[in-house]
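What you see is a predicted model; the values in this text were computed from it and never measured. For this chain, numbers begin at 1 and follow the sequence in order.
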Amino acid sequence: MTTELEGLAGRLREFARAREWEQFHTPKNLVMALAGEVGELVAEFQWLTADESADPGPEALARMRTELGDVTLYLVRLADVLGVDLVEAARAKLDDNERRYDADSYRGSARKAPPLPG
């Protein structure tokens with residue numbers, strides 16, 4: 001992980017340790033909490049038009065920022081508990097996407113790439 005993410009993961013680890021919450025921070029519980037926070041972020045966008053979602057007002061943006069923070073914290077904590085380097089996982093996924101969605105074939109298209117071979 002990058003130094004900033006490592007620092008954040010360490011701070012989250014200490015936060016949980018100080019409260020004796022490690023027992024609750026199982027991958028299952030963390031991913032369920034992450035899904036709940038993503039749901040709260042989705043709710044902030046639910047009835048906005050495309051234009052409104054691209055330029056939310058200051059109050060809506062403050063709520064979105066809070067939910068993005070929650071999503072990030074749970075994602076970083078989950079990756080830490082699982083021993084996954086989050087930045088490396090994202091880079092590997094982007095590498096896969098670059099192979100599957102070559103720019104010439106997919107420029108301006110929202111179609112899905114065929115599934116990867118078994």
Do V31 and W21 share a hydrophobic cluster, counting only Ile, Leu, Val, Met, Phe, Trp and Tyr and linking them when any side-chain heavy atoms are less than 4.5 Å apart? no
Exercise: identify the closest heavy-atom pair between V87 and D85: N-OD1, 3.1 Å
For A50 against S53, the heavy-atom pair lying closest together: O-OG, 2.8 Å
Evaluate L41 against L68 for side chain to side chain contact (heavy atoms under 4.5 Å, CB included), listing each step before the verdict. CA-CA 7 Å; L41 179 59; L68 285 165; 3.7 Å; yes
dist L5:CG -> L12:CG (nearest 0.5 Å) comes out at 10.5 Å
Do R77 and R13 have side chains that approach each other closer than 4.5 Å (heavy atoms only, starting at C-beta)? yes
Could you check whether any side-chain heavy atom of F45 comes within less than 4.5 Å of a side-chain heavy atom of M64, counting everything from C-beta outward? yes
Examine V71 and L82 and state if one hydrophobic cluster contains both, with Ile, Leu, Val, Met, Phe, Trp and Tyr joined whenever side-chain heavy atoms are less than 4.5 Å apart. yes
Name the one of L86, L30, V81 that satisfies side chain to side chain contact (heavy atoms under 4.5 Å, CB included) with V76? L86
Taking only residues two or more places apart in sequence or in another chain, which ones pass side-chain contact (heavy atoms from CB on, under 4.5 Å) with K28? T26, M32
Could you tell me if the side chain of R111 sits less than 4.5 Å from the side chain of S105, heavy atoms only? yes
Give a yes or no on whether a salt bridge exists between D96 and K93, defined as a side-chain N under 4.0 angstrom from a carboxylate O. no
Closest non-hydrogen contact found for Y106 with P114 is OH-CD, 3.6 Å
Ignoring hydrogens and angles, tell me if any N or O in the side chain of E40 forms a donor-acceptor pair with the backbone of E37 under 3.5 Å. no
Does R19 count as lying over the ring of F15, i.e. NZ or CZ under 6.0 Å from the six-ring centre, within 45 degrees of the axis? yes
In terms of hydrophobic clustering (I, L, V, M, F, W, Y; side-chain heavy atoms under 4.5 Å; direct or indirect links), are L73 and F24 co-clustered? no
For residues 56-76, which residue pairs pass the side-chain hydrogen bond (donor to acceptor under 3.5 Å, both in side chains) check, not counting sequence neighbours? E44-R63
Is there a continuous path of hydrophobic side-chain contacts, each under 4.5 Å between heavy atoms, that joins V84 to L94? no
For R100, does the CZ atom sit with more than 12 other heavy atoms under 6.0 Å from it, leaving out its own atoms? yes
Pairing of E14 and R17 as salt bridge, 4.0 angstrom limit: yes
